[in-house]
Amino acid sequence: MNPSTRNLSKQRRAAKALRSNSAYHATGIAICLFFLAPFVITFLASFRHGTEARLPPLPPWPSSGISIDSYLSLDTFGAGIWQHTINSLLVSLATVVLTVAVSLLAGYGFSRYRFPLKNVLFVLIIATLMIPFQSILTPLFIILAKLGLNNSLLGLTLVYVTLQLPFSVFMMRNAFDAVPKEIEEAARIDGARDLRLLVRVLLPLVLPGVATVAIFAFLNAWNEFLAALILLSSNDKYTLPVLMMAVRAGRLGAVNWGAVQAGVAVMTVPCLIVFLLLQRYYMRGLMAGAVK
Amino acid sequence: MSDTGVVLTDIRKSFGSLEVIHGIDLTIAEGSFVVFVGPSGCGKSTLLRMIAGLEEVTDGEIEIKGRNVTDLDPSDRGIAMVFQSYALYPHMSVRDNLAFGLKMAHTEPAEIEARVRAASAILKIDPLLERRPGQLSGGQRQRVAIGRAIVRKPDVFLFDEPLSNLDAELRVSMRIEIARLHRELGNTMIYVTHDQTEAMTLADVIVVLRDGRIEQTGSPREIYENPANMFVAGFIGSPRMNLLNAQWLGNGKVAIGQTEMTIPVSGGGLKPGDKVSFGIRPEHLVVADNTDEGLDARVDFFEYLGGTQYLYCQLADGQPITAEHRGAEPIAAGSTVRLTSETGKRRLFDHEGRRLT
């Protein structure tokens, strides 16, 4: 092959690579636009002027300057947007902490200890996933009332944790099953026992599982509507989804669409933050290199 | 009672109603290199894990350096263990992997640093200290695992098939490394393997186990040359010892098929006509045509290994026999050879597998 033909084929290869590369990126960008559009439209629309808020939604962006009118009017609903955001955050974060703590210990137990009826118990826990949650709302209401926890955020949190646990225990048991026994044994020989063993050695290894459990617990608690509506009865205890219901219902038949958009934005931001913080653990192949 | 080494007294282990270790008594001298060998499922790993404290002892006592450690935690026994799968902590750097045990024991940071340095110098892993296990090759990982054992300054090193995950070449060099380590450190080492070469080359003392019992304890030479029974004879040595069905004729003579062989044993309580097993290692068989006493065998096939060749043959009565042939002249498959050996290399076992002297 003489140099010029070699150059030619090199160019041809480069052109081909460029074509397939640009097709790849174009597809990626298209998919991104598709997924980002709702977020962008909501965020832009939430900054329209109060007068614009009642106009048809096109164009979605603020045409007469940026304003926070929508957020201010959102604040006039219920006990104020801050109160409800704090309620939601309290419930969701407490749900995450409790769910992770309980499922971590339960998953470890189910993965590592031998005890009678272990498998029966485990199947029983998983089986509760099949019970429609609506069907136990009334008993839950009565139980919470008996415990003096009706209309309290703690009561709601406990209900969320209970609903979240079957999946989380299952998830954590699988995560612990994937950790080779030898690592734990090596740690025992190194003198790590009980809690130190769990925190110093095993926790970093099951972190992807913990992240998954935490994301699911947070999103489910944050977005849950029905239980919150039924188990909470006073205005200042409502979580964001319940508030949004009131915003969406409007006042005297008039719906403030700007406030709705602002409410959606407020509800979306924490979910995005949680997901962006934890998503890298989804992909991390932490176990690589531990054992052959 | 001994104040050194490791002493096992009537160690038993049951899983539920199934007893897998049936009362093992063993004294391991301070500073010796002991290898447990046996077929898979013989209990060698379980025994090691009981010494480590990872497996509970159902009955019996374990003493390390004169201290009864039977009920102590693994970290309090003065042992360190190297696992087949390395079992490094994947989220820690090599340095932290080495230091973890010392940190758990609240050792002074300066002391930790000194010990990590010393261990990494011995194993030549200093350049790797900041890396994660995932960035190391198999051989390097096993070095780190050994390093983690060294920094603990244990009385006893325990190795659970540490080389099984390495490729053949690396296995040889790590084997030499471990032997060097034993020479330099002088600690007691207990090593579990199913690889005979590792057992023969590393051990001061080999313990052959079968079905949770010790079949024989002795130096590699003793085990090879004077196997206590047919199991040990067949297990140690590669290719394995030929064990031929034979009949005791009395007066130091046995019959293998129609062939009579002389064997220098008294025969003990044997009566002429009793069934016995005649043992002879392939490397002790010689192809010799001009001999009065020899086994005539037909060569089924042979393996040429350069320096030597193995002949896989059949006797007239169909019993298989393997012979090592060092002669230069090739022997074709299908030809008939006469195999003989020095009488002193021949072994005789009774029908229960016991060695007859």
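Just the heavy atoms: all of them, side chains too, but no hydrogens, waters or symmetry mates, feed the values below. Chain A is the first sequence line, chain B the second, and so forth, proteins listed ahead of strands; every chain is numbered from 1.
For residues 17-30 of chain A, the set of pairs meeting the side chain to side chain donor-acceptor pair (under 3.5 Å) definition, not counting sequence neighbours, is empty.
Shown here is F35(A), whose CZ atom has no more than 12 heavy atoms of other residues, nucleotides or ligands within 6.0 Å. For CZ of F115(A), the number of neighbouring non-hydrogen atoms (other residues, nucleotides, ligands) closer than 6.0 Å is greater than 12. Heavy atoms of other residues, nucleotides or ligands lying less than 6.0 angstrom from CZ of R12(B) number more than 12. For F39(A), the CZ atom counts as loosely surrounded, since its 6.0 Å shell holds 12 or fewer non-hydrogen atoms of other residues, nucleotides or ligands.
Of the atoms belonging to R200(A), heavy atoms from both backbone and side chain fall under 4.5 Å from chain B. Looking at A149(B), neither its backbone nor its side chain comes within 4.5 Å of chain A, counting heavy atoms on both sides. Contact annotation for R77(B): neither backbone nor side-chain heavy atoms come within less than 4.5 Å of a heavy atom of chain A. No part of L136(B) comes within reach of chain A, as not one of its non-hydrogen atoms sits under 4.5 angstrom from that chain.
In plain terms, the two heavy atoms of A186(A) and A87(B) that are nearest each other are CB-O, 3.8 Å.
Interface residues of residues 92-113 of chain B toward chain A, defined by a heavy-atom distance below 4.5 Å and sorted by number: M92(B), F100(B), G101(B), K103(B), M104(B), H106(B).
The distance from atom CD1 of I189(A) to atom CG of D76(B), rounded to the nearest 0.5 Å, is 12.0 Å. Expressed to the nearest 0.5 Å, how far CZ of R49(B) lies from CD of E185(A) amounts to 4.0 Å. Summarising the geometry, atom OG belonging to S85(B) is positioned 12.5 Å from atom NZ belonging to K181(A); distances are rounded to the nearest 0.5 Å.
Taking 4.0 Å as the cut-off between side-chain N and carboxylate O, D73(B) and R188(A) do not count as a salt-bridged pair.
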CA sep, side-chain torsions, deciding dist, call: D190(A), Y89(B), side-chain contact (heavy atoms from CB on, under 4.5 Å): CA-CA 11 Å; D190(A) 270 343; Y89(B) 311 123; 2.8 Å; yes

